[in-house]
Amino acid sequence: MKKTLTRPPRRLAVAALLLVALAATACSGSGDAVSSAQGTAAEGATNATGTGEGRWCQLVPNRLVADARWGRGDEAPNDFLRLTDEFDLPPQLAGLADLPDHLKQGFGGNYVNASFPAPNGGLVQYQDKSIGVIMPTSRTNLGTPNAQMDLAVVDQGGGVVSYTHYVERDGQELPDPFDLGNDQLSGYFRVGAVNGVTIPAVAGGDEDQKAYLTSVLADAFDDSVVWVLVRGSAKLYRASMLWTSLIDDAPDNASCVGQP
């Protein structure tokens, strides 16, 4: 008996077409799935800017700032600081660009308090969200009536709110720091900068994107902001914390660092 070919029921045909379409979509989107999986590896990511060709960059909270440190002989960290703005400070703080020998390593690990004279300077935050930039007294004058310190207070927009010159003989004290403020760090970090922001050559390390920062302070009120002092500069910088996949097929991680 001759067999007659029959058309499959319409519902089955539609289901088959849907399965084919889903399979095609899964194949074409596999690269995005890999990138997304790698992107979520950055703890606490708040925003993602994925790019093609296997590269992935994410904004991450500033509490991860220590992860951007880059020690001698270490591989480049996945986290990095992207300098987005630079602000001029009063000329009286020009010494920040050429620190005395006892401060060449920067201010990291030094807690800035209201006592005076204090040997420590760098960055501190106050309860009104402003940032204090302190040029400390020279070691020669420390503990003498001639001890002096210079303080510039900067608002969240980078504008100088006030400048004060402190002298020990006048019995002055610095403002009280915010008790929930973060401690400053210093050392070599993985650093990038947007166009228009300059990193002094003297801050450069032994690898590309490696720079010495004399103070790094995570903002206590805005977890997307990090305040920075750079070796060889008398400017204050504002930065973002980012994470990059650093995977093998990333064509140019420097361009990831430099994205606006």
Side-chain angles (χ1 to χ4, degrees), residues 35-50 56-71 74-87 105-113 120-134 153-158 175-194 197 199 203 205 209-231 236-246 253 256-260:
S35 294
S36 297
Q38 290 163 337
T40 56
E43 180 186 359
T46 57
N47 187 29
T49 54
W56 190 265
C57 298
Q58 290 183 310
L59 290 171
V60 293
N62 61 14
R63 60 185 171 81
L64 301 176
V65 67
D67 293 343
R69 279 175 159 170
W70 195 346
D74 293 342
E75 294 184 358
N78 291 75
D79 297 273
F80 61 89
L81 283 163
R82 184 173 67 191
L83 306 183
T84 56
D85 301 279
E86 60 181 31
F87 306 106
Q105 301 306 310
F107 305 108
N110 294 332
Y111 179 72
V112 178
N113 54 34
N120 305 326
L123 298 177
V124 64
Q125 191 158 29
Y126 302 115
Q127 194 164 13
D128 64 357
K129 302 183 182 181
S130 63
I131 301 297
V133 187
I134 302 174
V153 178
V154 178
D155 62 25
Q156 287 282 313
D176 287 316
F178 180 42
D179 57 1
L180 294 177
N182 293 303
D183 294 334
Q184 58 183 338
L185 306 173
S186 63
Y188 280 106
F189 287 75
R190 186 174 173 221
V191 181
V194 301
V197 175
I199 300 175
Q209 304 173 19
K210 190 174 187 178
Y212 200 94
L213 308 181
T214 52
S215 182
V216 177
L217 181 72
D219 195 285
F221 299 91
D222 186 342
D223 68 3
S224 69
V225 174
V226 180
W227 300 96
V228 174
L229 297 177
V230 179
R231 175 181 281 173
L236 174 66
Y237 296 79
R238 183 166 52 202
S240 301
M241 263 299 289
L242 286 95
W243 177 93
T244 181
S245 59
L246 284 178
N253 282 306
C256 171
V257 172
Q259 289 177 2

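Worth saying up front: this structure is predicted, and the values here are computed from it rather than measured. Computed over heavy atoms, backbone and side chain alike; hydrogens, waters and symmetry mates excluded.
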Does W70 have any side chain to side chain donor-acceptor pair (under 3.5 Å) partners at least two apart in sequence or in another chain, and if so, which? none
Excluding sequence neighbours, so at least two apart, what forms ring-ring contact (aromatic ring centres under 6.0 Å, His included) with Y188? Y212
Side chains of S224 and L59: closer than 4.5 Å at any heavy-atom pair? no
Could you tell me if the side chain of D79 sits less than 4.5 Å from the side chain of R190, heavy atoms only? no
Distance in Å, D179 CG paired with Q127 CD, rounded so as to fall on 0.5 Å steps: 6.5 Å
Measuring only between side-chain heavy atoms, which start at C-beta, is L213 closer than 4.5 Å to L81? yes
Answer yes if the side chains of D219 and Q156 hold a donor-acceptor pair under 3.5 Å, and no otherwise. yes
Pairwise distance CG(L217) to CH2(W227) - rounded to 0.5 angstrom: 9.5 Å
Interatomic distance, OH@Y237 vs CD1@I199, rounded to 0.5 Å, equals 7.5 Å
Stepwise side chain to side chain contact (heavy atoms under 4.5 Å, CB included) test for R63 and D223: CA-CA 7 Å; R63 60 185 171 81; D223 68 3; over 6 Å; no
Look up atom CZ in F189 and atom NZ in K210, then write down how far apart they are to the nearest 0.5 Å. 12.0 Å
Can any side-chain N or O of Q184 pair as donor or acceptor with the backbone N or O of G121 at less than 3.5 Å? yes
Given 3.5 Å as the limit, does a donor-acceptor pair link the side chain of N62 with the main chain of D222, or not? yes
With side chains defined as the heavy atoms from C-beta onward, is the minimum distance between V194 and R82 less than 4.5 Å? yes
Can you give me the closest heavy-atom contact between G181 and A220, atom names plus distance? CA-CB, 4.1 Å
Quick one: closest heavy-atom pair of F178 and F221, and the distance? CE2-CZ, 3.5 Å
State, to 0.1 Å, how close S186 and S215 come at their nearest heavy-atom pair, and which atoms those are. CB-N, 4.4 Å
Heavy-atom nearest pair, Y126 first then D176, reads CD2-O, 3.4 Å
Please report the C-alpha distance between V197 and T84 in whole Å, then the side-chain angles of each, then the deciding distance to 0.1 Å, and finally whether the side chain to side chain contact (heavy atoms under 4.5 Å, CB included) criterion is met. CA-CA 7 Å; V197 175; T84 56; 5.9 Å; no
Is any side-chain heavy atom of L229 closer than 4.5 Å to one of L236? yes
Could you walk me through whether I131 and V124 pass the side chain to side chain contact (heavy atoms under 4.5 Å, CB included) check? CA-CA 6 Å; I131 301 297; V124 64; over 6 Å; no
Close side-chain approach of F107 to L123, heavy-atom, < 4.5 Å: no
